[in-house]
Amino acid sequence: MTVRQVNPATRWGVLVAGSAILCAGCDQGTSAPPVLPQLTSEPRIVSLAPAITQMLVDIGVSDSLVAVAQNDSAAPSPLPVVGNYVDLDIESLLATAPTHVLMMTGKEGAPKRLTELAAAGRFALMTYPSPQSVEDVARTLYDEAEDTDPASSTRSLGPLLGKTEQARKVKEQMLIGLDRLRALFADMSKPKVLLVIGTNPIMASGPGTVHDQLLETAGASNAAASATVGAPTYDRESLVGMDPEIILLLLPSAEPLIPIDRDPRLASFRGLPIKAVDQGHIVLINDPLVLLPSSSLTRIARAMAKAIHPDHADAIEETLVLQTAPSRRAESSVLTEPSHVGR
Amino acid sequence: MSAGNKTQDRQPRFGRQRRPRAALIFVLLSLLLLLVAAIRLMVGSYYQMWPTVELSPDAQLVQATKRAAQDDEVEGGAFDLLHAEHPDWTKQRWALAEVELNHARRKVLEVLRERLFRLTAAAVVGLALATSGVSLQALLRNPLAEPFILGISTGAGVGIMVQQLLGHHLMTQHVGALAGAAITMLIVLLASRKRGTLDPLGMLLTGVVLGTINGATIMILNYVVGPAGLNQNLARWMMGYIDTNNLGWMELALVGGICGMGMGILLWQARAMDLATLSDVEAISLGVHLARLRLILFLVASILASAAVVLAGPIAFVGLICPHIGRLLLGPRHLSLLVASAILGAILIIVADTTSAALNQKFQIGLLPIGIMTALLGGPMFLWMLRPKLGRDEL
C-alpha cells in the first residue's frame, strides 16, 4: 500500500482557502449592506408572541403576517415558523424579509442578535412587556399617552401599523365588554373559584395575574388568592382546605371532560370532600386562546362567567359588544362552550 | 503460614464491628424514623396540626346533642333529646345539620388520609432509592454510583414524552414512565453482557451513554410536541414529587410490596455483596457466583429505582448519600448497611416532604419538589459528616 505524500505548500494552501471560506460564511450576517425596512409600504410582520398575533388579527392586519413563533395558537393560517422566543431561527426570520418584528419580553429584554439586526436597519424591532393586567393588554393595542407624547420610544400596535382607529375600537370593545360583565355581577355573591392551569400536579392561577383579574370580572373570588406566587401548586390537603365551590380548568384545546373517576386530569379531585366535587361544579374551558393575555380576554371572561353563573347565560350574552368591522378571524372563530364534568 | 490461612487473613473484616454500637445506632435511627413520621402526620401543607372545620350553630348543636345522647345512653335517640328542648327543630333541619357534620368529618379524614399516604409513599421511595444505591455501588464498585446512573430516570422521562406524543393523555403518566424505565433496563442488560456475565464497567458506560441519549430524546420530543420551554408536566416530574393524585393505596401497596421483596433479596445476598467488593478472582475463590450475583443486583437495583420513579419521579441524591452515611455510621458490612440506608432514605424523604408542606403552610408557595428539598437538606448534612474524611483517601 502506498501513502500519498501531500506537499506542505499545498496543505497550507488548502488550510488558508478553507479558513477564508469559513470566515466569509461567518461574516455573512454583518458584512452584507444593510437594507432599510420599507415602513411606509405594505408591512411584513413577524410576530414572536401569540398574544400579539391575536391582537394583529383583531385589528385587521393578519394579511401582513409573514411568520410566527413555534406553537402560535393564534396564527390565522399556516405561516412560516421562525423558532421560538428562546431559540430563534434567525436565518428563517431574515428569509421572510420582515419590516417589523414584534415580540413580548420579560426583564431579560430582546435577544441580542435581534437588536443588532434591528440596529443595522434590517427591520423595526418592537418589544412589549408581558402583560400583567388587562390594562397592559389594552396599552399594547393602543396607548392614548402616545398622542400627548409623540417622542415615546415604544409605540402601541395600532399607531405602529397605521391601524390606530381599528386598534382603538378593539380596545374599547374589550374594555367595555369587561366593564359590562363586571357591572352585571357587581351585586351578586362571588363564589370561590379555583382557576386550574395545570393538572399534574394541580397548578392554579394565583393573585396578581391577568386571569385573576378576569375571574373577578366574571363575578367570582379566586380560591388561590392567598398564594404568594403567580402559579402555585396544590396537594389534596390544600384543596380540601381551600374548599373551592367551582373549579375551572383552563386547558387550551383540551379534550372534553369525561366522568371524574375515569379522567386522569381530574384525578387530584377524586373523592375530595369539597363543594366543587360534591356538586359536580368542575368545568373545562378549552378555547385555544384561553391562556393568552390578548384582545380575546373579553371572550374568555364571558366563558368564565357562563361557567360560574350558568343561570345568567342570557344576560352574559347581552354584554357582548358587537364588532363594527369584524376581522376575518373574529368572523370564523367560535367561542368554545364550557364543558362540564361528567358524573 | 499455609495458603489457606493467608486467604483467611485477607478476608475483609466485615464482621468485626462492635455489635452493641451497631445495635444502638439502629435503635436511634428507628426512633428518629418514628419521630419524623409522627411530625409529618402533624404538619400539613394547609392546616396547622389537625384540620379544623368551622361548623354552623345548628351543626354544633347536633354534634353536642349526639355526644350527650351517647354519654347518657338516652333511649329514643338524639333527635328526640334535642326536640324535647327545642320543639321548633324539624327532622329536615336535623338532617341538614347532619349532612354538614358528615362533610366536616370527611374533610378531617381526607386530610389525615392524605398525610398518611404521603408519609407511606415517602418511606417507600426513600427505602427504594437508598437500597438501590447500596446495590449499585456494590455492583459497579463505584462510590459515585446512584440509582439513576444507568439511565433509568431519563428512560422513564422518554416514556412519558412518547406517551404524550402518542396522545394517550387518558392514561396516567406512570404507565409511560414504567415502560421507559423497563426498556432502558433491558438495553443496559443486553449491551453490557460479556461472555455470559455482566461487566460492571460496560454497564456503567452503557448506562451513562443511554442517559445522554435519553436526555437528548426528551429534549427533541419536547421541542416537537410542545411550546417553547420544557413541558410543564415533564419539568415538574423531573424535579421529583410524590404523586398522590394518580396513585391509590392499591398501587402503593403493590410498589411497596415489590420494594420489600427487593430489599429481602438484597439482604439475602448481603454476605455475597461483601465478598464481591474484593477482586473478581478473590470473590470467586471465596465461593461467590459473580455472574449470578451481578444479575441479581442489577435487576433488583433497577426495579427499586423504577419503583421510586413511578411513585415520585427521579429524586436524585438520596441513593448516593444514604449509603455513604450508612457506611460512616456502621461500616461497610452490607447487611447492616442495607437496613441503615433504607431507614436513612426514608427519613430523608419524609423530612424533605415535611419541610415542603410546612413551607407551603407558612408562605403559600405551593409544594416544593421533593428532589430539590432532598438536595438542599441532604447535601450540607452529607458534607458535614464527610468533613473529617475528605482528602484522606478513605471513602
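Residue numbering restarts at 1 for every chain, and letters A, B, ... go by the order of the sequence lines.
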Heavy-atom proximity to chain B below 4.5 Å, by part of A:L272: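 Both parts, backbone and side chain.
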Toward chain A, the part of B:E114 with a non-hydrogen atom under 4.5 Å: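 Only the side chain of B:E114 comes within 4.5 Å of chain A.
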Considering only heavy atoms, which portion of B:N360 lies under 4.5 Å from any heavy atom of chain A: side chain, backbone, both, or neither?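 The side chain, not the backbone.
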If you count heavy-atom pairs under 4.5 Å with chain B, which of A:V229, A:D72, A:T228, A:I274 comes out on top?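 Looking at each of A:V229, A:D72, A:T228, A:I274 in turn, A:T228 comes out on top.
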Contact winner vs chain B - A:A224, A:G271, A:A267, A:A231, heavy-atom pairs under 4.5 Å: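 When all of A:A224, A:G271, A:A267, A:A231 are compared, A:A267 has the most.
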Report, as yes or no, whether the 6.0 Å neighbourhood of atom CD on A:E91 holds more than 12 heavy atoms from other residues, nucleotides or ligands.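 Counting other residues, nucleotides and ligands, CD of A:E91 stays at 12 neighbours or fewer.
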Find the distance between [atom1] ([X]) and [atom2] ([Y]) and round it off to the nearest 0.5 Å.
{"X": "B:Y47", "Y": "A:S238", "atom1": "OH", "atom2": "OG", "value": "9.5 Å"}
{"X": "B:H103", "Y": "A:K275", "atom1": "NE2", "atom2": "NZ", "value": "6.0 Å"}
{"X": "A:D235", "Y": "B:Y241", "atom1": "CG", "atom2": "OH", "value": "11.5 Å"}

Looking at side-chain heavy atoms only, is the closest gap between A:D278 and B:R106 below 4.5 Å?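 Sidechains of B:R106 and A:D278: in contact.
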Residue pair B:L367 / A:P201, side-chain heavy-atom distance below 4.5 Å: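 B:L367 does not reach A:P201 side chain to side chain.
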For A:E237 and B:R115, indicate whether the former's side chain and the latter's backbone hold a donor-acceptor pair under 3.5 Å.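 Not confirmed, A:E237 side chain does not pair with B:R115 backbone.
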